[in-house]
Protein chains: 2
Amino acid sequence: MLPSSTVENYLKAIYTGVAGLVPPQRLLPMGQLAAALTVAPGTATTMVKALHESGLVEYEPYAGVRLSAAGDKLAALVLRRHRLIEAFLVQVMGLRWDEVHDDAELLEHVVSDRLVQRMDEMLGHPTVDPHGDPIPDAEGVLHAPALPDLLQCPVGVPLTVTRVLDQDGGFLRFLEQQQLKPGETITVEQRDTAADCVALRTAGDRQLTIGARAASKLLVRPQEP
Amino acid sequence: MLPSSTVENYLKAIYTGVAGLVPPQRLLPMGQLAAALTVAPGTATTMVKALHESGLVEYEPYAGVRLSAAGDKLAALVLRRHRLIEAFLVQVMGLRWDEVHDDAELLEHVVSDRLVQRMDEMLGHPTVDPHGDPIPDAEGVLHAPALPDLLQCPVGVPLTVTRVLDQDGGFLRFLEQQQLKPGETITVEQRDTAADCVALRTAGDRQLTIGARAASKLLVRPQEP
DNA sequence: GTCAAACTTTTGACTCACCGAAACATCCGC
DNA sequence: GCGGATGTTTCGGTGAGTCAAAAGTTTGAC
């Protein structure tokens, strides 16, 4: 099976879906896969069975699906293309970080190896895209540091915003406006479980409070000495 | 009908096919269209009838097909994307002019208007691509100067190579090696109809002879003063 | 004028990716 | 350990794009 766009999208969804469920070898339920791809459940079942025939996934009826080694590599290379394209669109072409996701989603299925390699060179072999998402290497291996989000990180110490787990344009623009883009320095001042929110102080010494939901989408790295 | 890749390719083939047959309103025979798209003749008939239903082409059974005004505009915009992409890949990304055609062929169906516009800006609103092919403007209008080829141009005067009517990598590499790329200056020294060839002198004062077939693919502009 | 060659259209069938609805599993509450 | 609620699979059907081969049309040679 030569991997069509559709196949690539299924693999990518399983790849990132499994990343969401903590243990990396857990099975992804079909319902979640179908929802991620916005297709009917039956469609996902049919496709997954075909992927299983091709040896790209392991599939257990009524249990779920997981990538095989071959599928994992393919998915990682799709993700590599996606993230290199996002970095390219932002850093070389000067587009905004909140408007490149959809373009990358289409281009990732179409760019040749030559183009990917050239973008990688022009960008100086980056390890993360503009959202801080790690870029798998050319062999399809992902080097992803385990980072705490704003609900788990230490309080009262300076942190560097490192990764954003949401591609929604509105959310990204909000972050930019509030100086919460990757690279910015912030401090968690207080966490209020009952009120379901987190109080922050940003670079310009400005203070703001965000909900737990949003806080969980911001990953940070405690700063060195 | 939202124009799929397939539709865009049919329109483009009719657009450039009609350009090949001199009078711009002549009908393109189905056989030629099918051949250009490497598709069975019956497939082309079916598709052309659908395009006719959508008002993108005029179709006369057993005679051929021609673009409607709407189809012409759509086709021109596809060609605009294609040629801007080729220019971008060469001038911004540093790829060779003989290896960008296939990438552009895929990307042209996928790049957003935003990307096209950005490429156009970055390139300074170019009017031709790296092969000298004219780029339709954003309204889908093509400004194409009528240029003579090496079989029709004046002999013994300096000429600027302006356009190459062939995307074959081997041919393009040959031109580059022989200093026959667009922009180079050459002179036609002699034309030999019987021997079916043309003798040239290139910039470095080197001499070479090429066949009439190849000569007809090089368009030139006589130099001023 | 006829007829065969060359071209075009029609027909029937196939693949891919998808949907909706009916049938089927699983698992949890009690 | 029964009965749903929930999730999953199966089944029949659709539209796009394609092919191969049969049927039809044009055209030019003679």
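Throughout, protein chains are lettered first and strands after them, A, B, ... in sequence-line order, and every chain is numbered starting at 1.
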*Asks:* Under the ring pair (Phe, Tyr, Trp, His ring centres under 6.0 Å) rule, what pairs show up with a residue in residues 63-94 of chain A, not counting sequence neighbours?
*Replies:* A:His82-A:His101
*Asks:* Is A:Glu105 paired with A:Lys12 through a side-chain N to carboxylate O contact shorter than 4.0 Å?
*Replies:* yes
*Asks:* Expressed in angstrom and rounded to an integer, what is the separation of A:Met30 atom CE from C:dC18 atom P?
*Replies:* 13 Å
*Asks:* Output all residues satisfying ring pair (Phe, Tyr, Trp, His ring centres under 6.0 Å) with A:His131, sequence neighbours left out; order by chain, then residue number.
*Replies:* A:Trp97
*Asks:* Sort and list the pairs that fulfil ring pair (Phe, Tyr, Trp, His ring centres under 6.0 Å) and have at least one residue in residues 102-127 of chain B, not counting sequence neighbours.
*Replies:* none
*Asks:* Let me know which of A:Leu218, A:Leu219, A:Asp129 forms a side chain to side chain contact (heavy atoms under 4.5 Å, CB included) with A:Arg163.
*Replies:* A:Leu219
*Asks:* What string of B, S and - do you get for nucleotides 18-27 of chain D, 5' to 3', if B is base contact, S is sugar-phosphate-only contact and - is no contact with any protein heavy atom under 4.0 Å?
*Replies:* SB----BS--
*Asks:* Whole-Å distance between C:dT8 P and B:Leu37 CG?
*Replies:* 14 Å
*Asks:* Who are the side chain to side chain donor-acceptor pair (under 3.5 Å) partners of B:Arg83, not counting sequence neighbours?
*Replies:* none
*Asks:* Salt bridge check, B:Arg80 against B:Glu139: does any charged N sit closer than 4.0 Å to a carboxylate O?
*Replies:* no
*Asks:* Provide, to the nearest angstrom, the distance between the CG atom belonging to A:Leu51 and the C1' atom belonging to C:dC16.
*Replies:* 13 Å
*Asks:* Against the six-membered ring of B:Tyr59, is B:Lys49 placed for a cation-pi contact (under 6.0 Å from the centre, within 45° of the normal)?
*Replies:* no
*Asks:* Could you tell me if B:Asp149 and B:Ser216 have a donor-acceptor pair between their side chains, going purely by distance under 3.5 Å?
*Replies:* no
*Asks:* Nearest-Å distance, CD (A:Gln32) to P (D:dG7)?
*Replies:* 10 Å
*Asks:* Nearest whole Å is fine: how far is C:dA17 C1' from A:Glu8 CD?
*Replies:* 15 Å
*Asks:* Does anything in residues 104-112 of chain A reach DNA chain C, meaning a heavy atom under 4.0 Å, and if so which residues?
*Replies:* none
*Asks:* The side chain of A:Lys49 is closest to which nucleotide in this list: C:dT9, C:dA17, D:dT10?
*Replies:* D:dT10
*Asks:* Starting from P on D:dT8, measure out to CG on A:Leu28 and report it in whole angstrom.
*Replies:* 9 Å
*Asks:* At less than 4.0 Å, is any side-chain N or O atom of A:Tyr59 found next to OP1 or OP2 of D:dT8? Yes or no.
*Replies:* no
*Asks:* Rounded to the Å, how far apart are A:Leu33 CG and C:dA17 C1'?
*Replies:* 14 Å
*Asks:* Among C:dA17, C:dT10, D:dT8, which nucleotide has an atom closest to any side-chain atom of B:Thr45?
*Replies:* C:dT10
